[in-house]
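Read the structure below first, then the notes.
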Amino acid sequence: MPELPEVETTRSGIAPHLQGQRVDNVIIRQRQLRWPIPASLKRHLVGQSIVSVGRRGKYILLETLAGWGILHLGMSGILRVVDASLPPAKHDHVDIVLCNDQCLRLTDPRRFGALLWTKTDPLEHKLLANLGPEPLTAAFSTDYLYQRAQGRKQAIKAFIMDSHVVVGVGNIYANEALFKSGIHPHRAAGKVSKARFESLVQNIKAILAAAIKQGGTTLKDFRKADGKPGYFKQQLQVYGRGGEPCVTCGNPLKESRLGQRSTVYCGACQR
DNA sequence: ATGCGGACCTGTTAGC
DNA sequence: TGCTAACAGGTCCGCA
């Protein structure tokens, strides 16, 4: 489900409902996510107030005075604030129940998501410590990306999807950004010119910013925290359009697999 | 160090 | 209609 725009849309949607609220209970119906939810989570969280709801990459951070909850939505995770009395559905694995009888409900059919706890700075946590820069900050620059790509033989698409290079660029937006930049997704990262990295960096920033503004991309099951879908899908130019005409030149878009992910591009416009 | 494939899990859809 | 295979928005890990 979520790439960075979807995660940020989720974060900003749930934050006002959580900030300043005290946790009354934690109900765990399914502990086996990507990693088991720690047995200590409930003990740590109950009685704490949520100070803030942050984000680093695709991780959502629940700050309390005792520590931080670290949430990841994986491929199919959804977070919503609902009435605590609403009966849980099949894949509603966790409820973080607040004192106002609302709860933060984690739904995740495929269970690739995670809910962890850390008592110390979450940015130092093993999973977050080595993440690349946020794409919408100045740290994600042409110079940075170009330097990191030198000598790399990995396909440019896999390179920009590596969260240790830059966070938040998932399969949808990687396809879109490479199309807009005219770069063939299979081209070796180290063989992309600096001028084209300039274009790529600008396009990644522009596409992610536009997607966030429109509430993310709803393909099938993504829903914003208010249950409504995002509206970015209408603007996708290549993702999900294999075989259909290129919006620029009209040639049929090609589809291949790169690192087990579907990759769509125009063989004429992207080199 | 880098790059690749496998693994985790369920649900939906395409194809026979 | 029913079964099977392929695929889906992520990313860690182990191996070469």
Side-chain angles (χ1 to χ4, degrees), chain A residues 1-11 29-37 55-60 70-79 89-94 106-116 125-132 135 147-177 185-191 204 207-208 211-212 214-224 229-236 238-243 255-264:
Chain A
M1 186 256 309
E3 295 188 38
L4 187 137
E6 290 72 37
V7 176
E8 176 56 24
T9 298
T10 297
R11 189 206 64 77
R29 303 183 191 85
Q30 169 60 271
R31 194 174 287 285
Q32 301 305 317
L33 302 186
R34 170 146 201 189
W35 297 281
I37 297 173
R55 180 184 63 73
R56 175 73 176 97
K58 295 173 189 167
Y59 293 91
I60 289 174
I70 301 177
L71 271 158
H72 197 289
L73 298 177
M75 289 276 258
S76 58
I78 294 172
L79 274 177
K90 188 172 180 185
H91 298 293
D92 293 347
H93 305 316
V94 182
L106 173 65
T107 308
D108 187 3
R110 290 179 73 179
R111 291 194 265 131
F112 289 173
L115 174 51
L116 302 172
H125 188 279
K126 182 189 172 194
L127 293 172
L128 313 212
N130 296 311
L131 292 177
Q147 288 303 329
R148 289 228 36 184
Q150 294 319 293
R152 298 286 295 265
K153 294 175 181 172
Q154 188 183 29
I156 183 68
K157 178 166 179 261
F159 178 70
I160 61 171
M161 288 179 68
D162 181 348
S163 64
H164 301 284
V165 171
V166 57
V167 297
V169 182
N171 197 37
I172 299 177
Y173 301 115
N175 279 302
E176 296 299 313
H186 289 263
R187 174 175 287 269
K191 294 279 179 85
I204 288 172
I207 289 170
L208 291 177
I212 289 171
Q214 298 184 43
T217 300
T218 294
L219 292 181
K220 285 166 58 179
D221 50 14
F222 172 69
R223 288 295 181 278
K224 296 189 288 174
Y231 291 102
F232 194 72
K233 185 182 179 183
Q234 294 125 348
Q235 306 192 21
L236 299 179
V238 288
Y239 184 85
R241 295 194 61 239
E255 190 154 14
S256 69
R257 292 195 74 76
L258 198 160
Q260 302 127 284
R261 311 305 297 275
S262 87
T263 301
V264 189

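All chains are named by letter (A, B, ...) in the order of the sequence lines, taking the proteins before the strands, and each is independently numbered beginning at 1.
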Represent DNA chain B in dot-bracket notation, 5' to 3'. Only Watson-Crick or G-U wobble pairs with both distances under 3.5 Å count; pseudoknot-style crossings use [ ] and interstrand partners use |. .|||||||.|||||||
Has A/K157 got a side-chain N or O lying under 4.0 Å from the OP1 or OP2 atom of B/dG3? no
Looking for any heavy atom pair under 4.0 Å, which part of the strands does A/Q32 touch: base, sugar-phosphate only, or nothing? nothing
With rounding to whole Å, what would you report as the distance between B/dA1 and C/dT11 at their P atoms? 23 Å
Does A/R187 use its side chain to pair, donor to acceptor, with the backbone of A/A189 at less than 3.5 Å? no
Any base atoms under 4.0 Å from A/F159, or only sugar-phosphate, or nothing? Heavy atoms, all strands. nothing
Donor-acceptor under 3.5 Å (A/N175 side chain, A/V238 main chain): no
B/dG11 phosphate, OP1 or OP2: any side-chain N/O from A/H91 under 4.0 angstrom? yes
Roughly, in whole Å, what's the span from CG in A/L71 to P in C/dT11? 14 Å
How long is the line joining CG of A/L33 and P of B/dT10, in whole Å? 11 Å
Ignoring hydrogens and angles, write down the donor-acceptor pairs under 3.5 Å from the side chains of residues 155-163 of chain A, residues two or more places apart or on other chains.
{"residue": "A/K157", "atom": "NZ", "partner": "A/N171", "partner atom": "OD1", "Å": "2.7"}
{"residue": "A/K157", "atom": "NZ", "partner": "A/T263", "partner atom": "OG1", "Å": "2.9"}
{"residue": "A/D162", "atom": "OD1", "partner": "A/H164", "partner atom": "N", "Å": "2.8"}

Return the value, rounded to whole Å, for the distance between atom CG of A/L73 and atom C1' of B/dC9. 16 Å
May I ask you to verify whether the side chain of A/E3 and the base of C/dG10 hold a donor-acceptor pair under 3.5 Å? no
Given DNA chain C, 5'-ward residue of the pair A/H164 and A/R110, judged by closest heavy atom: A/R110
Phosphate OP1/OP2 of B/dG3 contacted by A/R152 side-chain N/O (<4.0 Å): yes
Is there a side-chain polar atom (N or O) of A/K90 under 4.0 Å from OP1 or OP2 of B/dG11? yes
Looking at C/dT11, I'd like to know if its phosphate oxygens (OP1 or OP2) sit under 4.0 Å from a side-chain N or O belonging to A/H72. yes
Whole Å only: how far is the NZ atom of A/K191 from the C1' atom of B/dT2? 16 Å
Using a cut-off of strictly less than 4.0 Å, decide whether A/R34 has a side-chain nitrogen or oxygen near OP1 or OP2 of C/dG10. no
OP1 or OP2 of C/dA8 under 4.0 Å from side-chain N/O of A/Y239: no
A/R257 has a side chain; which of B/dA7, C/dA8, C/dG10 sits nearest to it? C/dA8
With centres under 5.5 Å and planes under 30°, do A/F112 and C/dT11 count as stacked? no
Could you tell me whether the side chain of A/S76 and the main chain of A/R110 form a donor-acceptor pair under 3.5 Å? yes
Kindly say if A/S262 contacts the phosphate of C/dA8, meaning a side-chain N or O under 4.0 Å from OP1 or OP2. yes
Rounding to the closest angstrom, what is the interatomic distance between C/dA6 and B/dG6 at atom P? 13 Å
In whole angstroms, the gap separating P of C/dT11 from CZ of A/R56 amounts to 12 Å
What is the separation between atom CD on A/E255 and atom P on C/dA6, rounded to the nearest whole Å? 16 Å
Short side-chain N/O contact from A/K153 to OP1 or OP2 of B/dG3, under 4.0 Å: no
Mind calculating the distance between CG (A/L258) and C1' (B/dG5) to the nearest angstrom? 13 Å
When rounded to the nearest Å, what value does the distance between C1' atoms of C/dC12 and B/dG11 take? 23 Å
Using modelled atom types and a 3.5 Å cut-off, is there a donor and acceptor pairing between side-chain atoms of A/Q30 and backbone atoms of A/D92? no
What integer distance in Å separates A/D162:CG from B/dG3:P? 10 Å
In this structure, NE2 of A/H72 is separated from CD1 of A/I60 (nearest 0.5 Å) by 9.0 Å
Gap between atom CG of A/L116 and atom NE2 of A/H125 - 0.5 Å precision: 5.5 Å
P atom, B/dC9 versus C/dC3: distance in rounded Å? 25 Å
Let me know, please, whether A/R111 or A/A155 comes out on the 5' side of the other along DNA chain B by nearest nucleotide. A/A155
A/R261 side chain N/O closer than 4.0 Å to the phosphate oxygens (OP1, OP2) of C/dA6? no
Minimum-distance pair of heavy atoms, taken over all atoms of A/G168 and A/L208: O-CD2, 4.1 Å
In Å and rounded to the nearest 0.5 Å, what is the CD1 to CD distance from A/I212 to A/E6? 9.0 Å
